Amino acid sequence: MAKTTFTTKREELKVIIERVFDAPRELVWKAFNDPDSIPHWWGPKSTTTTVEKMDVRPGGVWRYVQRDPDGNEYAFNGVYREIDPPNLISRTFNFEGMPDHELIETATFEDFEEGKTKVTAVAVYANVEDLDGMVNSGMEGGATESWERLAELVEKV
């Protein structure tokens, strides 16, 4: 089974997440950008995710709300910057619990071997404090678990 890799490039203010999914690129792209699919994979299994807004087009906005088992809510939002189906999606990312710490996420989708897809997501931070804060908040565990869930979703089809 493929493994999700999580790399911090502190000197470049970047976090890079990569994985090869055993599914065709169009299917992985759809799961990544379909509001009905997001609740099935985005975030840790212990939370539920609700898609409140998801207008996948340049200038369109997105907003997801996660709820943990204790009822606490965590909201995330941003604006889509660039969309090139099924190759690339770029958007801003904000955690509403810590405003004014926006980052830019860009995910690329590449054909990889027969029927597989390599996804590379690069998060670029404004400064080292924002990068360290996100990484220290448990980003690696949450992102890795999310991508494991995404793999389960697209690979069972």
Side-chain angles (χ1 to χ4, degrees), residues 2-21 25 27-68 72-110 117-154:
K3 183 179 181 217
T4 302
T5 62
F6 184 96
T7 306
T8 301
K9 293 195 171 188
R10 198 167 184 264
E11 66 286 350
E12 296 177 31
L13 302 178
K14 292 180 181 178
V15 168
I16 301 167
I17 305 168
E18 293 182 300
R19 184 185 180 104
V20 174
F21 293 91
R25 183 165 50 148
L27 181 61
V28 178
W29 171 267
K30 183 177 188 290
F32 221 86
N33 295 289
D34 174 19
D36 293 331
S37 295
I38 298 298
H40 297 286
W41 69 268
W42 203 85
K45 284 185 180 184
S46 63
T47 64
T48 58
T49 300
T50 302
V51 175
E52 290 193 348
K53 296 177 188 172
M54 193 171 179
D55 184 10
V56 183
R57 63 175 177 82
V61 298
W62 66 275
R63 184 171 193 264
Y64 307 159
V65 177
Q66 286 186 329
R67 288 172 188 82
D68 69 17
N72 298 307
E73 290 188 354
Y74 307 94
F76 306 85
N77 71 69
V79 176
Y80 292 100
R81 297 165 43 105
E82 185 179 356
I83 310 291
D84 179 18
N87 306 304
L88 178 139
I89 184 163
S90 182
R91 66 185 185 177
T92 61
F93 182 100
N94 299 281
F95 170 50
E96 293 178 12
M98 293 189 67
D100 302 320
H101 296 280
E102 184 170 85
L103 62 100
I104 307 294
E105 277 186 331
T106 302
T108 56
F109 301 76
E110 303 171 65
T117 305
K118 181 179 181 183
V119 179
T120 303
V122 179
V124 179
Y125 296 81
N127 53 58
V128 73
E129 293 80 16
D130 285 359
L131 180 139
D132 288 347
M134 186 70 89
V135 170
N136 293 334
S137 75
M139 177 189 183
E140 181 173 359
T144 301
E145 187 172 350
S146 290
W147 282 36
E148 295 295 325
R149 295 178 69 199
L150 176 58
E152 290 172 12
L153 179 67
V154 298

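Residue numbers run from 1 in the order of the sequence given. Computed from heavy atoms alone, side chains included, the values below leave out hydrogens, waters and symmetry copies. It should be emphasised that the depicted structure is a prediction, and the values quoted were computed from it without experimental measurement.
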Point to revise | Any residue meeting side chain to side chain contact (heavy atoms under 4.5 Å, CB included) with Pro58, in chain and number order, not counting sequence neighbours | key: Ile83

Exercise for review: With sequence neighbours excluded, tell me which residues meet salt bridge (Lys or Arg N to Asp or Glu O under 4.0 Å) with Glu18.
Suggested key: Lys118

Revision key, fill the gap. With sequence neighbours left out, the residues meeting side-chain hydrogen bond (donor to acceptor under 3.5 Å, both in side chains) with Asn72 are Asp68

Review point. With Thr5, which residues qualify under side-chain hydrogen bond (donor to acceptor under 3.5 Å, both in side chains), at least two apart?
Key: none

**Study point:** Pairs touching residues 32-41 that satisfy salt bridge (Lys or Arg N to Asp or Glu O under 4.0 Å), sequence neighbours left out
**Key:** Lys30-Asp34

Check your understanding: Are Trp41 and Phe32 near enough that their ring centres are under 6.0 Å apart?
Key -> yes

Point to revise | Residue list, salt bridge (Lys or Arg N to Asp or Glu O under 4.0 Å) with Lys53, at least two apart or on another chain | key: none

**Study point:** Under the side chain to side chain contact (heavy atoms under 4.5 Å, CB included) test, residues paired with Arg67 that sit two or more places apart
**Key:** Thr48, Thr50, Val65, Glu73

Check your understanding: With Thr92, which residues qualify under side-chain hydrogen bond (donor to acceptor under 3.5 Å, both in side chains), at least two apart?
Key -> none

Exercise for review: Only pairs at least two apart or in different chains count here, so list each side-chain hydrogen bond (donor to acceptor under 3.5 Å, both in side chains) that has a residue in residues 124-144.
Suggested key: Arg10-Asp132, His101-Asp130

**Study point:** Sequence neighbours excluded, every pair satisfying salt bridge (Lys or Arg N to Asp or Glu O under 4.0 Å) that has a member inside residues 92-101
**Key:** Arg63-Glu96

Check your understanding: Can you name the residues that form a side chain to side chain contact (heavy atoms under 4.5 Å, CB included) with Val124, not counting sequence neighbours?
Key -> Lys14, Val122

Check your understanding: Quick one: side-chain hydrogen bond (donor to acceptor under 3.5 Å, both in side chains) partners of Thr106, sequence neighbours excluded?
Key -> Ser90

